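These numbers come from a predicted model, not from an experiment. Order of the sequence lines sets the chain letters (A, B, ...), proteins ahead of strands, with each chain counted from 1.
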2 protein chains.
Amino acid sequence: MQNYKMTLAYDGSRYQGWQSQGNTANTIETKLETALSRLTGSPVTVHASGRTDAGVHAEGQTVSFQLEKTLPCAELMADLNRFLPEDIGVLALEFVPPRFHARLSATGKTYVYRIWNSPLPDVFGRKYRYPLPQPLDLDTMRQSACLLEGTHDFRSFCGLTRFKKSTVRTVYAIAVERADSIVSLRFTGDGFLNRMVRILSGTLVEVGLGLRRPEEMRSVLEARDRAAAAGALPARGLTLERVYYEEISWVMDLT
Amino acid sequence: MQNYKMTLAYDGSRYQGWQSQGNTANTIETKLETALSRLTGSPVTVHASGRTDAGVHAEGQTVSFQLEKTLPCAELMADLNRFLPEDIGVLALEFVPPRFHARLSATGKTYVYRIWNSPLPDVFGRKYRYPLPQPLDLDTMRQSACLLEGTHDFRSFCGLTRFKKSTVRTVYAIAVERADSIVSLRFTGDGFLNRMVRILSGTLVEVGLGLRRPEEMRSVLEARDRAAAAGALPARGLTLERVYYEEISWVMDLT
């Protein structure tokens with residue numbers, strides 16, 4: 001068996017997410033597994049670094065899978081890109097050692113939440129940004145972001161209210177930036193809970209609108225109660241930008 | 001009657017263009033006239049700076065129209081943006097003197113043709129860029145572009161082969177630029193013939209691929225024959241970026 005690591009981009013607009021519990025027809029996972037199975041002639045199971053919700057995009061999702069045959073990466077990638085729909089694209093494909101697993105080996109991720117912060121219509125970015133016409137105070141948002149960075153129990157920011165596993169995560173950095181009308185909230189951490197980035201973004205936006213004080217983040221974290229944080233912002237503004245792994249440095253025998 | 005000048009953006013992907021000769025239901029003009037007529041309660045006719053073909057986009061199309069009532073621009077603009085589909089947006093609206101006409105008063109236009117010059121899939125820009133995996137030599141494209149600038153008979157670059165009016169136009173500048181995988185061909189001129197920008201782009205691309213020599217542009221112009229130039233590139237890569245007017249400086253009595 002040959003193990004592969006794939007970097008995948010997708011426009012999540014018309015999908016039920018990476019994986020769906022019920023009807024699995026219209027998921028990115030299904031599209032990819034179908035393409036791989038048809039190209040190789042046998043069923044293929046893929047593993048992503050994590051599920052993305054319905055409507056969430058990816059510029060650099062990572063996927064691993066095993067094939068019985070060792071197919072050349074460049075050719076397989078080109079074939080997949082011909083076969084996949086236009087809104088899913090393979091950006092890179094490489095051989096990896098057998099023990100590499102896109103989810104289990106991941107050491108961190110970067111998500112970006114994009115806001116169209118203008119009263120004007122966002123004709124060309126409407127599927128990838130959340131429109132918010134009211135001015136945002138980025139300074140107070142940055143003050144809040146600092147308080148959220150680090151290792152905390154993020155239960156207040158977890159969408160699954162009866163989540164039984166640990167809700168402790170480490171957020172390495174939250175960068176709040178503006179480029180013209182686009183405000184980007186970029187979160188890098190060791191892992192994120194269900195809807196965590198969208199709830200963090202919604203809470204930071206409430207700070208930026210003056211509806212919450214920046215210091216409030218401390219008590220929101222301490223509450224360990226979903227009701228203490230703001231609502232989740234819509235999926236369309238969220239993009240999984242990158243997944244991190246320990247460098248794979250050991251020599252492989254691919255013959 | 002009050003005359004208005006509007007700046008309009010649209011994603012042309014799902015439209016038959018600005019105006020269609022036959023079935024006019026699915027045009028940008030129809031969408032805009034319908035919205036204006038419903039909001040004002042009486043039929044409104046709009047004039048664009050020029051028609052854009054099916055699938056062509058606009059970041060700054062200009063439209064003029066007259067209304068019987070003098071409605072406040074900010075309110076009318078906000079109402080229109082609520083009423084129009086998400087892929088059409090009003091960016092600016094202002095009062096103009098009665099003799100302003102979006103097409104007749106225009107002194108120039110800038111169109112940009114965008115190429116995704118990479119073998120990788122263009123998941124997020126696929127509707128706005130033309131994918132071309134082969135490397136382009138921008139130096140030779142720039143040499144060709146210089147020969148095309150200026151006042152010439154552009155009959156070889158006119159899509160309507162039996163066009164009876166003058167095919168002489170002045171192209172002020174053609175800028176050929178690369179930003180990562182995106183190559184932009186930006187054309188500014190006093191006016192452009194049917195499909196002229198897409199045929200110019202196609203011909204420049206053939207130069208960039210080494211299929212034509214840059215000096216050839218002289219003989220292509222001299223031929224005054226559509227067959228001398230290359231085919232038109234697809235509509236989806238083309239965007240009307242801006243329309244120019246003489247400054248409207250005279251004082252108006254709006255009371």
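Using modelled atom types, one finds no donor on one side chain facing an acceptor on the other under 3.5 Å when comparing A:Ser49 with A:Thr62. Inspection of the B:Tyr15 and B:Thr52 side chains reveals no N or O donor paired with an N or O acceptor under 3.5 Å.
Interface summary for chain A: among B:Leu84, B:Asp122, B:Asp11, the most heavy-atom pairs under 4.5 angstrom belong to B:Asp11. The residue among A:Ala78, A:Gly89, A:Ser118, A:Pro121 with the most heavy atom pairs within less than 4.5 Å of chain B is A:Pro121. Ranked by heavy-atom pairs shorter than 4.5 Å toward chain B, the options A:Asn81, A:Asp87, A:Leu120 are led by A:Asp87.
In this structure, the separation between OG1 on A:Thr27 and OH on A:Tyr10 is 10.0 Å, given to the nearest 0.5 Å.
Between B:Tyr128 and A:Phe124, the angle of the ring planes goes over 60°, which puts this pair in the perpendicular group of the 30/60° scheme.
Of the two parts of A:Ala58, only the backbone, made up of N, CA, C and O, holds a non-hydrogen atom closer than 4.5 Å to a non-hydrogen atom of chain B.
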